[in-house]
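In what follows, chains are A, B, ... by sequence order, proteins preceding strands, each numbered from 1. Because the structure is predicted, anything quoted here is derived from the model rather than measured.
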Protein chains: 2
Amino acid sequence: MLELRLVQGSLLKKVVDAIRDLVNDASFDCSATGFSLQAMDSSHVALVALLLRSEGFDHYRCDRNISMGMNLNNMAKMLRCAGNDDIITFKGDDGSDTVSFMFESPTQDKISDFEMKLMDIDSERLGIPEAKYQAIVRMPSTEFARICKDLGSIGDTVVISVTKEGVKFSTRGDIGSANIVCRQNTDVDKPEQATTVEMNDPVSLTFALRYMNSFTKATPLSNQVTISLSSELPVVVEYKIAEMGYVRFYLAPKIEEEEEETKPEV
Amino acid sequence: MLELRLVQGSLLKKVVDAIRDLVNDASFDCSATGFSLQAMDSSHVALVALLLRSEGFDHYRCDRNISMGMNLNNMAKMLRCAGNDDIITFKGDDGSDTVSFMFESPTQDKISDFEMKLMDIDSERLGIPEAKYQAIVRMPSTEFARICKDLGSIGDTVVISVTKEGVKFSTRGDIGSANIVCRQNTDVDKPEQATTVEMNDPVSLTFALRYMNSFTKATPLSNQVTISLSSELPVVVEYKIAEMGYVRFYLAPKIEEEEEETKPEV
DNA sequence: CCAACGATAT
DNA sequence: ATATCGTTGG
């Protein structure tokens with residue numbers, strides 16, 4: 001038996017919206033620890049990991065570990081029926097092929113109950129080792145989203161380079177090229193506007209903007225985003241979810257070929 | 001000769017917008033009593049009835065009963081040319097094949113005059129008998145609209161069930177099912193937020209959401225909607241127009257078949 | 001948080 | 001041209 005209550009129901013809407021651009025169907029895992037998910041995107045290039053810790057819920061009951069395959073678009077469709085300040089209760093039963101969402105309006109005058117069919121999904125859950133990164137950049141999530149969107153209109157890939165002074169995002173395309181430098185800056189009115197660079201080693205890596213622009217769908221979840229970089233390791237783009245956990249996206253860097261791909265010879 | 005003046009001209013825009021999704025062409029009837037319309041939707045399933053009483057106009061002159069066939073989309077097109085605070089005067093002449101709209105800006109600095117061609121329409125005007133209903137639900141029109149929209153994303157039909165405690169809207173579709181319960185509640189800050197249930201007999205009826213979602217185009221006309229239900233009778237969804245009359249939509253319930261439509265045999 | 005307006009997509 | 005979505009303002 002499974003029963004999760006979240007007073008700030010809008011959070012769940014944001015979580016699903018953050019992921020469904022990348023992943024259509026995913027298996028959610030529920031245990032005493034929390035509510036989590038791990039999934040590759042449909043082209044098996046990027047990975048997303050979600051954790052909502054049990055302590056973050058206003059009520060959390062999970063009698064035994066359970067895995068539930070859900071279609072994220074259908075899930076979003078149902079969650080869209082919740083008011084933005086509705087309380088959401090998620091219920092599941094062992095062995096059942098459905099789960100249910102209950103939405104309670106703040107005044108309790110409107111109570112909605114949605115039942116959703118589960119799906120069979122082969123959930124390949126990888127262990128993701130903790131790693132030490134050469135550089136960790138923290139910046140406003142909206143700024144990162146804007147940069148990825150802007151660069152995406154110029155080129156297909158972004159080179160992220162970190163130095164002590166800051167972080168540089170570069171791209172190049174048919175119509176020209178672009179470099180956006182964000183320098184470290186903690187001297188702001190509010191901490192969520194800060195940009196900080198924690199650098200052990202300078203690093204410069206290339207990523208497909210297409211995926212970066214999917215990752216930024218998680219922007220509403222957090223004011224800040226954390227980008228962890230190391231050569232040879234997938235970048236981690238993390239959006240912390242206040243009091244509850246995170247959504248993390250992993251993407252392997254492109255192997256830097258000699259200059260442009262316009263060169264026909266290997 | 002016919003001359004109707006309405007200081008709150010935006011009302012006329014809302015009335016036409018409320019109807020034109022359902023009905024393309026309609027015959028407006030004008031008499032000493034008022035300005036009215038009755039029309040079936042194009043698939044002859046739903047019926048709409050409009051009444052704007054003569055007393056509600058700021059000037060009302062109708063020398064003899066007259067019927068005017070109008071294309072509602074064309075009418076909307078013209079009315080869209082009126083400012084939201086404009087005073088609208090509607091004029092017609094017996095025997096003429098056109099009518100005219102005059103828009104006066106509040107400051108009288110801009111006076112527009114639009115002439116619209118009438119059309120021949122066979123206006124089959126039914127008598128709609130007053131009926132006694134098993135249950136009458138009153139609720140905020142925006143809430144009703146939201147419910148119909150939400151359920152429309154899950155299923156095709158809605159079951160409306162009324163008990164003493166409140167009203168329940170249910171649907172079922174490929175991805176799952178939904179129940180939304182609104183309980184009676186008069187204890188609110190403002191009367192237009194109230195939900196009241198006047199129940200003589202419990203009732204549960206099924207309707208096509210497609211039509212319900214057309215009816216809710218009338219939402220801007222009134223803060224409250226009234227839903228009158230009886231077995232064997234069409235539901236009446238009514239939006240009152242302050243001081244003037246109403247727009248009423250009628251829709252026959254679906255005959256409840258034995259469970260699902262997945263059964264191939266009749 | 002709800003409503004109106006503008007922009008975009010069909 | 002119309003309907004829906006997203007954004008901005010109250």
Side-chain angles (χ1 to χ4, degrees), chain A residues 6-14 16-18 20-21 73 76-88 103-110 112 141-143 145-146 149-150 152-153 213-214 216-221 223, chain B residues 8-26 41-42 70-86 114 116 139-154 182 185 188-195 209-225 239 242:
Chain A
L6 196 54
V7 172
Q8 194 188 150
S10 59
L11 205 69
L12 199 57
K13 301 172 99 166
K14 289 179 192 167
V16 174
D17 284 337
R20 71 192 177 92
D21 189 49
N73 286 318
K77 217 182 249 186
M78 297 209 158
L79 290 173
R80 227 174 280 135
C81 301
N84 257 338
D85 33 330
D86 282 4
I87 298 165
I88 298 185
F103 309 141
E104 299 169 74
S105 73
T107 57
Q108 298 285 326
D109 290 330
K110 180 179 170 191
S112 313
S141 58
T142 51
E143 188 170 344
R146 176 66 196 266
K149 176 173 150 283
D150 286 350
S153 73
N213 275 310
S214 279
T216 59
K217 303 290 182 194
T219 302
L221 279 172
N223 290 319
Chain B
Q8 195 188 151
S10 59
L11 205 70
L12 198 57
K13 301 172 97 166
K14 289 179 190 167
V15 163
V16 173
D17 284 337
I19 300 175
R20 72 195 176 90
D21 190 49
L22 207 61
V23 177
N24 286 125
D25 306 307
D41 83 288
S42 29
M70 307 192 208
N71 175 295
L72 290 169
N73 286 319
N74 293 344
M75 199 171 166
K77 223 179 252 185
M78 298 211 160
L79 290 172
R80 225 174 282 133
C81 302
N84 259 338
D85 310 322
D86 282 5
F114 288 72
M116 188 179 72
M139 65 165 76
S141 58
T142 51
E143 187 167 345
F144 178 63
R146 173 71 194 263
I147 290 168
C148 292
K149 176 176 150 284
D150 284 348
L151 294 187
S153 74
I154 309 288
C182 299
N185 173 20
V188 286
D189 296 345
K190 296 166 188 170
E192 63 259 33
Q193 296 166 349
T195 298
L209 277 164
R210 172 187 158 198
Y211 292 101
M212 287 291 172
N213 275 311
S214 280
F215 300 169
T216 59
K217 302 291 181 195
T219 303
L221 278 172
S222 176
N223 289 320
Q224 286 253 314
V225 62
Y239 296 83

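How far OG1 of B/Thr142 is from CD of B/Gln193: 9.0 Å, rounded to the nearest 0.5 Å.
Rounding to whole angstrom units, CZ of residue B/Arg146 and C1' of D/dC5 are separated by 14 Å. One can place CG of A/Asp86 at 10 Å from P of C/dC1, the figure rounded to the nearest angstrom. Nucleotide D/dT4 holds its C1' atom 9 Å from the NZ atom of B/Lys217, rounded to whole Å. One interatomic measurement links the two molecules: NZ of A/Lys13 to C1' of C/dC1, which rounds to 12 Å at whole-angstrom precision. The distance between atom CZ of B/Arg80 and atom P of C/dG6, rounded to the nearest whole Å, is 14 Å. Put simply, NZ on A/Lys77 is 15 Å from P on D/dT4, counting in whole angstrom units. When the P atom of C/dA3 is taken as reference, atom CG of B/Asn223 falls 9 Å away, rounded to whole Å. Rounded to whole Å, atom C1' of C/dC2 lies 11 Å from atom CG of A/Asn84.
Under the salt bridge (charged side-chain N to carboxylate O under 4.0 Å, His left out) criterion, A/Asp85 pairs with no residue, sequence neighbours left out. Shown here are the ring pair (Phe, Tyr, Trp, His ring centres under 6.0 Å) partners of A/Phe103, two or more places apart in sequence or in another chain: A/Phe114.
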Fill in: Chi angles and distances behind the salt bridge (charged side-chain N to carboxylate O under 4.0 Å, His left out) call for A/Asp17, A/Lys13
CA-CA 6 Å; A/Asp17 284 337; A/Lys13 301 172 99 166; over 6 Å; no
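Comparing D/dA3, C/dA3, C/dC1 by their closest approach to the side chain of A/Asp85 singles out C/dC1.
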